[in-house]
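Accompanying notes for the structure given below.
Every chain is numbered from 1 and lettered A, B, ... according to where its sequence line falls, protein lines coming before strand lines.
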4 protein chains.
Amino acid sequence: MNIKKGEKRQQILDSAVAVFAEKGFYNAKVTDIAHKAGVAHGTVYLYFQTKEDILIQIFEEKFEELVSYIFMEVGVEHNALAKLRRLILIQLQMVETNPELTELMLLEARQSSKFILSSAISKIGDYCDKIEGILKEGIEEGLVRPDLDLTVASTMLYSGIEGIATRWMLENKHYNLNLCAEQLIQLFIGGIRNLP
Amino acid sequence: MNIKKGEKRQQILDSAVAVFAEKGFYNAKVTDIAHKAGVAHGTVYLYFQTKEDILIQIFEEKFEELVSYIFMEVGVEHNALAKLRRLILIQLQMVETNPELTELMLLEARQSSKFILSSAISKIGDYCDKIEGILKEGIEEGLVRPDLDLTVASTMLYSGIEGIATRWMLENKHYNLNLCAEQLIQLFIGGIRNLP
Amino acid sequence: MNIKKGEKRQQILDSAVAVFAEKGFYNAKVTDIAHKAGVAHGTVYLYFQTKEDILIQIFEEKFEELVSYIFMEVGVEHNALAKLRRLILIQLQMVETNPELTELMLLEARQSSKFILSSAISKIGDYCDKIEGILKEGIEEGLVRPDLDLTVASTMLYSGIEGIATRWMLENKHYNLNLCAEQLIQLFIGGIRNLP
Amino acid sequence: MNIKKGEKRQQILDSAVAVFAEKGFYNAKVTDIAHKAGVAHGTVYLYFQTKEDILIQIFEEKFEELVSYIFMEVGVEHNALAKLRRLILIQLQMVETNPELTELMLLEARQSSKFILSSAISKIGDYCDKIEGILKEGIEEGLVRPDLDLTVASTMLYSGIEGIATRWMLENKHYNLNLCAEQLIQLFIGGIRNLP
DNA sequence: TATGAATGAGAGTTCATTCAT
DNA sequence: GATGAATGAACTCTCATTCAT
């Protein structure tokens, strides 16, 4: 019973990701989401309070998953620069692997005012904090210059990845995102590296 | 008559900037815009085709103004790195000077699908192209490393500025944006500089 | 322009009386009201805030009219008992003349909680106060017994008329309401008269 | 099993009385009723056909109880006037004893069209018939004037009690209902009494 | 018997857009 | 050019009712 309930919720959430990504939050109809999930539209309201709530839940849960996956992978590496490299690579790979979710995160995350003020900020903030953690390690390791402003650096990295991904999506994915990742890595690491 | 017409159009456009920035595109009512401009809502339709058209026009004209202003200022400098420094400084200053317009550009620009596919991409693309132009100059001047991917670099710069600005706005402007600008400059220039 | 605006409002109000009377407040659709008034349903919302607001306005305005008409007629008479007789006669005549409005007053007035607590109580209260005024006159004239509780008497008169009318309507109007009026007059006046 | 069934049915019926009285028929949710009765909402449909059916059953059974209780008490008295006096007193006492049920009877009874046309009329009609019976006795006893219209008189008595009770409830029960009862008795009996 | 997840008809309301004045 | 009354498509959300378990 419990599993079933969770399953239907997941179906709706997944459908919502797809529909929001395709049409945008405001142009997405609850009926579309329900239809895609194979349920009646009333059913959506058994699991979510409002349409906006669906977006919030997506962000809460999916972003969470994303971040924990990334940092699990990142944890394999043994120094800060390698970790950052990995982080960038993985995140951009996800854009290819899971384009709908990424599109939603990048393009739609900013739409609903309520949403912006609630979870989105804190989630992105948390993510940037984790990046800052890596940067701090890098400073301790002597690999990153100690005068670096961690907030600015982490924000720039997050936004830079976002920007590259957004552009790639909007330009119809006609070039190799992995190469961009390498360039981004060089650029960012060049900017933060501790030079002798 | 022509001047007058232009004036009323401008009033509406300016009001729209304010209203879109405050409420977001989808939550902004045409009536609000008209009211703020001191005209009847029917009047809006004498100057613009649809609500979306207003957003497009804002982007077309206001972004144009922004970019040409920035590059006028940037033109004063005599080498690529100084130009980039200037560009970053000016653009972040504008976030403070003209927060509504900037907010609109950063947060709302991505909302309307029609819009995304029409002018926004090309305008941002144009802007990035100009940044690429500066980077190219830098390579020619020997200040920027020649293996730099210009697209990635320009996108990252644009997005990085955007990200810093967005975060600053969402975090209620409680810290000094100029200091961030300096950090951003160091980070970016560090990443692209040609090292001996 | 002003007249026109008022006219359309009246059309909607009149249609609402008919529709509410026919279907009851909760079963009446705003579309029905609009259709009967010959306007689009959106138009209703130019004149009234919500469906409930329509009911409130009806009560406010129509009851007002009713009461002032009744007391105008009643004013012709020169002693309290004659006035009461007239009041009963006129009010029951109105049930025949204006059945929809009366039905609404009698059957629907009590439906919306918001409504009950706002205007309806006070309107009926006002009406009963006026009846009490007549009773007071009657006491001064020596026609009504001075120990009569005016509140109870006025309430009973109001409710009695209401009850007779309601029953008449529910029993499909198959008997003569005027005869009932006479009986009601005798009964009530018998109960309040000052006996030597 | 039979007893149990009856018990659960009663629980639901009692909860419905409370919920309908509190929220009104149309604003009451079947879920609320079920919850208050400590059962699942599906269970309600094992005992009642529709939400409206619950109201009808309440009326059928509860009104029945009320009426039979009243006439049991009334039967103690030995002449018509005493019986009427008792009837009025008891009925108004019930308003204080059992306010929810009374409120339902007085305020909500008129809401559902189906209901009005089915049981409510006949139940009230039956009650009025019984009052008429007492009045007839009164005429035979020479206590009530023989020219009295029994229908009008019984209706007026019923409505008068209803009106007094309704007003008392709507005015937050801030005065003594027993005193009103005495006044009502005097007024009504004064109106019907056979005078020498 | 009892449950409660699922349904889906249906309502109120909003607001971009039109057009007669 | 300017107005703002009127429109009606379209949407979100509710809740009585059903039915598989």
Side-chain angles (χ1 to χ4, degrees), chain A residues 1-2 4-5 7-9 12 26-35 37-54, chain B residues 1 4-5 8-9 12 26-35 37-54, chain C residues 1-2 4-5 7-9 12 26-35 37-54, chain D residues 1 4-5 8-9 12 26-35 37-54:
Chain A
M1 216 41 114
N2 254 340
K4 232 180 177 174
K5 184 168 178 177
E7 264 172 29
K8 193 146 284 186
R9 213 190 104 98
I12 295 170
Y26 282 100
N27 294 315
K29 288 174 254 169
V30 173
T31 298
D32 295 340
I33 296 170
H35 185 75
V39 298
H41 68 271
T43 306
V44 172
Y45 289 91
L46 293 179
Y47 296 94
F48 304 94
Q49 315 246 329
T50 63
K51 184 179 152 186
E52 197 160 48
D53 185 39
I54 304 174
Chain B
M1 228 20 133
K4 231 179 175 176
K5 179 170 177 180
K8 193 153 283 187
R9 215 191 102 98
I12 295 170
Y26 282 99
N27 295 314
K29 293 174 224 162
V30 173
T31 298
D32 295 340
I33 296 170
H35 185 76
V39 299
H41 65 270
T43 307
V44 171
Y45 289 88
L46 296 176
Y47 297 96
F48 303 93
Q49 315 249 329
T50 64
K51 183 180 158 187
E52 198 160 50
D53 185 40
I54 304 174
Chain C
M1 215 44 113
N2 255 339
K4 233 179 173 172
K5 185 168 177 177
E7 263 171 31
K8 193 148 284 185
R9 213 190 103 98
I12 295 170
Y26 283 100
N27 294 314
K29 290 175 251 169
V30 174
T31 298
D32 294 340
I33 296 170
H35 185 76
V39 298
H41 68 272
T43 306
V44 172
Y45 289 91
L46 293 178
Y47 296 94
F48 304 93
Q49 314 247 329
T50 63
K51 185 179 152 187
E52 196 160 50
D53 185 38
I54 303 174
Chain D
M1 222 25 128
K4 230 179 176 176
K5 179 170 178 178
K8 197 153 281 188
R9 214 190 104 97
I12 295 169
Y26 282 100
N27 295 314
K29 293 174 223 160
V30 173
T31 298
D32 294 340
I33 295 170
H35 185 76
V39 299
H41 65 270
T43 306
V44 172
Y45 288 89
L46 295 177
Y47 297 95
F48 303 94
Q49 315 250 330
T50 63
K51 183 180 158 187
E52 198 160 47
D53 184 39
I54 303 174

Between C:Thr43 and A:Val30, the residue closer to the 5' end of DNA chain F by nearest nucleotide is C:Thr43

Separation of F:dT18 atom C1' from D:Gln49 atom CD, nearest Å, is 14 Å

**Asked** Can you find a side chain N or O atom of C:Tyr45 that sits less than 4.0 Å from OP1 or OP2 on E:dC15?
**Response** no

Among E:dG12, E:dA5, F:dA2, the one nearest any side-chain atom of A:Tyr47 is E:dA5

Between the CD1 atom in A:Ile12 and the OH atom in A:Tyr45, the distance rounded to the nearest 0.5 Å is 11.0 Å

Next on the checklist: For a quick check of understanding: with a heavy-atom distance under 4.0 Å over all strands, which category does B:Ala34 fall into, base, sugar-phosphate or nothing?
Outcome noted: nothing

Between A:Ala40 and B:Lys29, the residue closer to the 5' end of DNA chain E by nearest nucleotide is A:Ala40

Taking a pair to mean Watson-Crick or G-U wobble geometry with both distances below 3.5 Å, E:dG12 pairs with F:dC11

Comparing nearest nucleotides in DNA chain E, the 5'-proximal residue of the pair B:Lys51, C:Gly42 is C:Gly42

ask   = Looking at E:dT17, does its base get a donor-acceptor pair with the side chain of B:His41 below 3.5 Å?
value = yes

Between B:Gly38 and D:Ala28, the residue closer to the 5' end of DNA chain F by nearest nucleotide is B:Gly38

(message) For D:Tyr47 and D:Ile54: C-alpha separation, side-chain torsions, deciding distance, then whether side-chain contact (heavy atoms from CB on, under 4.5 Å) applies.
(response) CA-CA 9 Å; D:Tyr47 297 95; D:Ile54 303 174; over 6 Å; no

Correct closest heavy-atom pair for A:Ala34 and A:His41 would be CB-CA, 3.4 Å

Taken to the nearest whole Å, CD1/D:Ile12 to C1'/E:dA2 is 11 Å

